[in-house]
Amino acid sequence: MKFVDVIRKAENEHVIYFLLNSYIGIARDRDRLKRLPDKVTTLPLANKSDLRCRFEILICELDIASKRLDDEKCILIKEALVVFGTALYSLQSIGCQQSRPQNFAIPQTQKPTFSDAINRTHAP
């Protein structure tokens, strides 16, 4: 199972932030991922706006790395963008589910039956 799959299956935002902080911690310790900007790898991750800011920084960094033809750095940044983007989407989904009333139900309409049609035609 991929890391993003675990984020997608997270049931609340606390789990998502725990996973993201773990990812950032691992990214800082791995030599390969030390090339990410400090603004992205600083711990702890505070909230959704902090995550969104880091996501935007990574987009700018990807643009710069792409223009420099730094393929290795582009791959690293894309990996982080997938993780951060998945987390943003999951946080948004969880937020939408929590804001919906618990007793919200879409009303079920019954299809009219043949006997309903007969009764309407013979009604006074």
Side-chain angles (χ1 to χ4, degrees):
M1 182 179 291
K2 294 182 181 180
F3 194 78
V4 291
D5 295 330
V6 176
I7 292 174
R8 282 188 196 110
K9 292 178 187 272
E11 295 181 8
N12 61 54
E13 58 187 54
H14 299 292
V15 173
I16 293 172
Y17 286 120
F18 173 78
L19 291 168
L20 280 173
N21 282 312
S22 298
Y23 173 79
I24 292 168
I26 292 167
R28 288 178 7 168
D29 293 339
R30 287 176 55 196
D31 289 337
R32 186 173 155 251
L33 296 181
K34 284 185 178 178
R35 295 184 66 194
L36 293 178
D38 288 340
K39 297 174 195 170
V40 174
T41 60
T42 302
L43 287 173
L45 183 70
N47 52 35
K48 194 189 304 187
S49 64
D50 184 13
L51 176 58
R52 188 174 285 116
C53 180
R54 293 175 194 225
F55 186 83
E56 291 170 4
I57 290 169
L58 284 170
I59 290 173
C60 293
E61 289 290 324
L62 180 62
D63 183 53
I64 293 167
S66 177
K67 288 177 181 172
R68 291 183 181 160
L69 303 175
D70 189 344
D71 293 337
E72 185 180 330
K73 191 165 185 180
C74 286
I75 290 169
L76 299 173
I77 294 169
K78 286 178 185 179
E79 175 189 306
L81 280 169
V82 169
V83 171
F84 285 25
T86 301
L88 278 171
Y89 180 79
S90 295
L91 287 168
Q92 181 68 30
S93 296
I94 288 171
C96 289
Q97 289 173 359
Q98 290 175 350
S99 65
R100 182 177 45 188
Q102 295 293 354
N103 60 355
F104 178 78
I106 299 172
Q108 298 292 323
T109 56
Q110 293 181 342
K111 294 181 181 178
T113 63
F114 180 73
S115 61
D116 290 336
I118 299 288
N119 291 336
R120 272 193 231 125
T121 57
H122 294 295

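These values consider heavy atoms only, across backbone and side chains, with no hydrogens, waters or symmetry-generated copies. Since this is a predicted model, take the numbers as computed values, not measurements.
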Run the side chain to side chain contact (heavy atoms under 4.5 Å, CB included) check on E79 and Y23 step by step: do they pass? CA-CA 11 Å; E79 175 189 306; Y23 173 79; 3.1 Å; yes
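Summarising the geometry of V40 relative to I24, their closest heavy-atom pair is O-CD1, 4.0 Å, with the distance given to 0.1 Å. Counting all heavy atoms, side chain and backbone alike, T41 lies closest to L36 at CG2-CB, 3.9 Å. Minimum heavy-atom separation, L91 to E13: CD2-CB, 3.3 Å. The minimum heavy-atom distance linking N21 with L45 is given by the pair OD1-N, 2.8 Å.
The structure places NZ of K9 at 13.0 Å from CG of L19, a figure rounded to the nearest 0.5 Å. Here I57 contributes atom CD1 and L62 contributes atom CG; the two are 13.5 Å apart, rounded to the nearest 0.5 Å.
Under the 4.5 Å side-chain heavy-atom criterion for ILVMFWY residues, no single connected hydrophobic cluster contains both F55 and I64.
Scanning for salt bridge (charged side-chain N to carboxylate O under 4.0 Å, His left out) contacts around R8 gives D5, with sequence neighbours left out.
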Per-pair distances, 0.1 Å, donor-acceptor, side chain in residues 81-90, under 3.5 Å, sequence neighbours excluded:
{"unit_1": "T86", "atom_1": "OG1", "unit_2": "V82", "atom_2": "O", "d": "2.7"}
{"unit_1": "S90", "atom_1": "OG", "unit_2": "T86", "atom_2": "O", "d": "3.0"}

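Within the structure, the salt bridge (Lys or Arg N to Asp or Glu O under 4.0 Å) test picks out the following pairs touching residues 36-50 (sequence neighbours left out): D50-R54. Among residues at least two apart or in separate chains, salt bridge (Lys or Arg N to Asp or Glu O under 4.0 Å) pairs with a member in residues 57-67 are E61-K73, D63-K67.
N12 is listed as a side-chain neighbour of V15, based on a closest heavy-atom distance under 4.5 Å.
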